[in-house]
Amino acid sequence: MTKRVTVPEILASKGNRKLSELTAYDYPTALLADKSGIDMLLVGDSLAMVVLGHEDTLSVGMTEMLHHTLAVSRGASRAMVIGDMPFMSYQASVEQALINAARFMKEARAQAVKLEGGARVVPQIRAMVEAGIPVQGHIGLTPQSAAQFGGFKVQAKTAEAARVLIEDAQALAEAGCFSIVLEAVPASIAEMVTQAVSIPTIGIGAGPACDGQVLVVHDVLGLYDRFVPKFVKRYAKLDDLIVEALSRYREEVEQGIFPGPEHGFMISEQEAQKLGK
Ligand code: KIV
C-alpha cells in the first residue's frame, strides 16, 4: 500500500524540497492526481466557481464540501487530502469551527482542513490543533473576503499591509498550522513571509520563493476559462479536446454511425429463430 504524505513530512520539507498542491473535487481527478505524485489535494471552496458555476466562493456550505471531500478521499491513497472550510463554517464561533473541522475528518475522511484568515482566526486554529486536527492557513487574497477587498485583488502592496501579512503568518505558525497558503501577494513579500516562518508557505500567485505551489486543477488542465488569473499556467488545454470529442459523438449519433455492431449485444441464433427472425 502507498504511504500517505504526512504532516511531519510536510514540515520537514521546508528548505529541502518543494511541495506540490492541487485542488480536486471528485474521485477520478483524485485518482489521476495521486498517480502524478502531487503531495496535497485541496478540496477547495473554489468548487463553487469551477464546478458549480457560482460567481464567487460564498455559496457553498458544509454539505457540498463534505460530499466532494469524501469523493476525493476515496480516490487519493498517497496525497494528503485537505478539506477547505466554507464561508461561515468557522467564523461565528470557536465551537462551531471545531465541530465543522471535525466533520471533515470524521465524515469526509480528510487528513487536514484549510481556513482563511490571519490573527483573527487564531482561536479557531488553536482549538482544532489541540483536538488533533491539522490546519493549513490561508492569507493574502482570501476569496471569502473579496467583498471587503473590493474584488479579487493582489494584497500586501504597501509596506504596512506587508507587515500585517508577515505578522499574520507568524500568528498562524505559532497557533500550530502545518503550512500556509499565500495567495496573490508580490513575490518579494512572499519571500519575506517564507523566511519569517518555520512552516512551509504554499504560493498561488506569490512567486517562486514559496516552499510549494498550489493551483486550481481546472486552470492547470485548461477546463475553465471564465476567469483565468495572471498567475495561472496551463499545462494542457482539455476544453478544446473535450468539445472536439463531444462534437464527434454528436455527429456520429446523428449520422447513425454510433453505435456500431461492436457496441451492441446479440441473442443466439436459436433464440432468434424462436422469435421468427
Ligand atoms: O479554494 C481554493 O481552491 C483555494 C486555493 C486557490 C488555494 O483556496
Side-chain angles (χ1 to χ4, degrees), residues 10 19-26 29-30 33 38-62 64-69 71-72 76 79-91 100-101 104 108 110 112-118 121 125 134-146 149 151-156 165 168-169 172 177-185 190 193 199-207 210-221 223-224 226-234:
I10 300 283
L19 295 163
S20 55
E21 181 168 338
L22 183 72
T23 67
Y25 314 97
D26 57 32
T29 309
I38 300 279
D39 294 311
M40 292 173 276
L41 288 183
L42 170 67
V43 188
D45 62 356
S46 49
L47 165 80
M49 298 171 77
V50 299
V51 175
L52 303 177
H54 292 292
E55 285 297 313
D56 53 39
T57 60
L58 304 185
S59 302
V60 281
M62 285 297 294
E64 294 95 330
M65 292 306 300
L66 291 175
H67 178 78
H68 286 266
T69 305
V72 170
M80 173 188 286
V81 176
I82 305 173
D84 202 5
M85 300 200 65
F87 182 55
M88 289 318 291
S89 68
Y90 58 93
Q91 289 92 338
N100 282 327
F104 273 102
V113 298
K114 176 174 88 56
L115 52 86
E116 297 182 5
V121 290
I125 293 170
V135 182
Q136 181 168 68
H138 182 166
I139 52 176
L141 170 55
T142 44
Q144 291 174 14
S145 310
F149 299 146
F152 295 92
K153 293 191 171 151
V154 177
Q155 300 297 303
L165 188 80
D168 273 341
L172 295 185
C177 284
F178 70 92
S179 58
I180 305 172
V181 170
L182 287 181
E183 181 165 353
V185 298
V193 173
I199 58 173
T201 56
I202 311 292
I204 173 162
C210 294
D211 299 302
Q213 299 291 326
V214 56
L215 280 177
V216 168
V217 64
H218 288 60
D219 292 334
V220 171
L221 297 179
L223 281 169
Y224 180 85
R226 237 172 86 187
F227 172 62
V228 184
K230 177 176 182 238
F231 53 73
V232 163
K233 178 166 177 183
R234 284 187 159 174

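In this text, all values refer to a predicted model and were calculated from it rather than measured experimentally. Basis for what follows: all heavy atoms, side chains included, without hydrogens, waters or symmetry-related copies. Counting convention: from 1, in listed order, for ligands and their atoms alike.
Side-chain atoms of Ser89 come within 3.5 Å of backbone atoms of Pro86 as a donor-acceptor pair (strictly under, hydrogens ignored). For the pair Thr201 (side chain) and Asp211 (backbone), a donor-acceptor distance under 3.5 Å is present. Proximity of a side-chain donor or acceptor of Ser20 to a complementary backbone N or O of Asp39 within less than 3.5 Å is detected.
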Query raised in the report: For Thr69 and Tyr25, what are the C-alpha separation, side-chain angles and deciding distance, and is it a side chain to side chain donor-acceptor pair (under 3.5 Å)?
Result: CA-CA 7 Å; Thr69 305; Tyr25 314 97; over 6 Å; no
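Results of the side-chain hydrogen bond (donor to acceptor under 3.5 Å, both in side chains) test with Lys114 over Gln136, His138, Glu21 single out His138 as the only residue that passes.
With sequence neighbours excluded, no residue forms a ring-ring contact (aromatic ring centres under 6.0 Å, His included) with Tyr90.
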Protein N/O near ligand 1 N/O, under 3.5 Å, which pairs?
from     : atom 1 : to     : atom 2 : distance (Å)
ligand 1 : 1 (O)  : Asp45  : N      : 3.1
ligand 1 : 1 (O)  : Asp45  : OD1    : 3.0
ligand 1 : 1 (O)  : Ser46  : N      : 3.0
ligand 1 : 1 (O)  : Ser46  : OG     : 3.3
ligand 1 : 1 (O)  : Asp84  : OD2    : 3.2
ligand 1 : 3 (O)  : Ser46  : OG     : 2.5
ligand 1 : 8 (O)  : Lys114 : NZ     : 3.1

